[in-house]
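Read the structure below first, then the notes.
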Amino acid sequence: MARVLLVEDDPNVRNALILALKGRDHEVESAASGEEGLELLTRFAADVVVLDLMLPGIDGFEVCRRIRATTSTSIVMLSARGDDFDVVGGLEAGADDYVVKPVRPQVLEARIRAVLRRTESVASPVETYGTLRVDRASLTVSRNGRRIALPPMELRLLLHLSAIPGQVFSRQQLLESVWDHDYLGDSRLVDACVQRLRSKIEDVPAEPRYVQTVRGFGYRFGPV
């Protein structure tokens, strides 16, 4: 069971999703606007926010940015079109995954489970790479001695890549391992997450030392 905050202005869609989520034993709170959703989030400790992008007033892109500026709560966005403008804009704003409308409850449930699934803690020494420190036991990351707050998917991506430094992972391999997408998925999820992760762990994001691009293949961690 998860605590889900649903932000959706269409009452028919909102009510249908509330019933579907509660039917899967989630605790659900809902809002009809971005303003209401942000206010509700201060009182409701959501595990995941299911966020429609096309909202009256403050749109979903701005809501996503404001949530991400203050918390690492997982965000699954709802896109009416699924085109590049919606998807890329939402991912760059900080969303972890997306579902295209009309929403199939089983697909939304799968996305929620995927973004909430945490990497299991394992007893292992702290790993240090240059100025970056990764503690796999406590699932914490720091750079230059300062703790970095990473949302779940960014943390999972970093842990997966750094587990085998130097190994190249294709985008599809990362989708399957990090996002748990066992189908031909959308590489934009990976690229947007890499971009956000680099902005936090790299000294110069445009010249990454840690999460490096191997053109034509995918991504690797290091060599540092």
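Cluster membership check: Val87 shares its hydrophobic cluster with Val178, using side-chain heavy-atom separations under 4.5 Å among Ile, Leu, Val, Met, Phe, Trp and Tyr. Using a 4.5 Å cut-off between side-chain heavy atoms of Ile, Leu, Val, Met, Phe, Trp and Tyr, with links allowed through other members, Val100 and Leu6 fall into the same hydrophobic cluster. Put simply, Leu116 and Met77 are part of the same group of oily side chains (I, L, V, M, F, W, Y) that touch within less than 4.5 Å, one to the next.
Judged as a salt bridge (Lys or Arg N to Asp or Glu O under 4.0 Å), and not counting sequence neighbours, Lys22 has no contacts. Considering only residues two or more places apart in sequence or on other chains, Glu109 meets the salt bridge (Lys or Arg N to Asp or Glu O under 4.0 Å) condition with Arg113.
Screening residues 53-73 for salt bridge (Lys or Arg N to Asp or Glu O under 4.0 Å) gives Glu62-Arg65, Glu62-Arg66, Arg68-Asp96 as the qualifying pairs, with residues at least two apart or on separate chains. Counting only residues at least two apart or in different chains, ring-ring contact (aromatic ring centres under 6.0 Å, His included) contacts with residues 137-163 comprise His160-Phe169. Residue pairs meeting the side chain to side chain donor-acceptor pair (under 3.5 Å) criterion with at least one member in residues 3-13, sequence neighbours excluded, are Arg3-Glu27, Glu8-Lys101. Residue pairs meeting the ring-ring contact (aromatic ring centres under 6.0 Å, His included) criterion with at least one member in residues 22-45: none, sequence neighbours excluded.
With 3.5 Å as the limit, one finds no donor-acceptor pair spanning the side chains of Tyr210 and Asp203. Between the side chains of Arg136 and Ser162, at least one donor-acceptor pair of N or O atoms lies under 3.5 Å.
In terms of heavy-atom proximity, Gln173 sits nearest to Ser170 at OE1-N, 2.8 Å. Residue Leu157 comes nearest to Val194 through the heavy atom pair CD2-CG2, 3.8 Å, listed as atom of the first residue, atom of the second, then distance. For the residue pair Gly90 and Cys64, the shortest heavy atom distance occurs at O-SG, 4.1 Å. Minimum interatomic distance between Arg198 and Thr213 (heavy atoms only, all atoms of both residues): NH2-OG1, 2.8 Å. The two residues Val168 and Gly218 come nearest to each other via the heavy atoms CG1-N, 4.3 Å. Looking at every heavy atom in both residues, Ser199 comes nearest to Arg196 through OG-O, 2.6 Å.
Counting heavy atoms of neighbouring residues, nucleotides and ligands inside a 6.0 Å radius, atom CD of Glu207 does not exceed 12 of them.
Looking only at distances, no side-chain donor or acceptor of Gln195 sits under 3.5 Å from a matching main-chain atom of Glu92. Judged by distance alone, the side chain of Glu35 and the main-chain N or O of Ile58 form a donor-acceptor pair under 3.5 Å. Looking at Glu154, its side chain never comes within 3.5 Å of a backbone N or O of Leu150 through a donor-acceptor pair.
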*Run the numbers on Phe217 and Arg171 for side-chain contact (heavy atoms from CB on, under 4.5 Å), then give the verdict.*
CA-CA 8 Å; Phe217 293 94; Arg171 291 170 173 81; over 6 Å; no
*Would Leu21 and Ile112 satisfy side-chain contact (heavy atoms from CB on, under 4.5 Å), going step by step from the backbone distance to the final call?*
CA-CA 10 Å; Leu21 291 167; Ile112 290 173; 3.6 Å; yes
_Evaluate Asp191 against Leu91 for side-chain contact (heavy atoms from CB on, under 4.5 Å), listing each step before the verdict._
CA-CA 9 Å; Asp191 294 338; Leu91 294 173; over 6 Å; no
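The side-chain contact (heavy atoms from CB on, under 4.5 Å) test with Asp135 is passed by exactly one of Thr128, Val141, Thr140: Thr140.
Salt-bridge check for Arg156 with Asp180: passed, with a basic side-chain N closer than 4.0 Å to an acidic carboxylate O.
Thr42 contributes atom OG1, which lies 7.5 Å from atom CG of Leu40 (distance to the nearest 0.5 angstrom). To the nearest 0.5 angstrom, Glu36 atom CD is 9.0 Å from Leu5 atom CG.
In this structure, the side chains of Val7 and Leu41 stay at 4.5 Å or more apart for every pair of heavy atoms. A 4.5 Å side-chain heavy-atom check between Arg209 and Phe221 finds every atom pair outside the cut-off. Residues Val190 and Tyr219 have side chains in contact (heavy-atom distance under 4.5 Å, counting atoms from C-beta outward). Side-chain contact between Val107 and Val103 is absent, with no heavy-atom pair separated by less than 4.5 Å. Contact check for Leu53 versus Tyr98: no side-chain heavy atoms found under the 4.5 Å cut-off. Put simply, the side chain of Pro105 reaches to within 4.5 Å of the side chain of Arg24, judged on heavy atoms. Arg104 is not listed as a side-chain neighbour of Val99, based on a closest heavy-atom distance of 4.5 Å or more.
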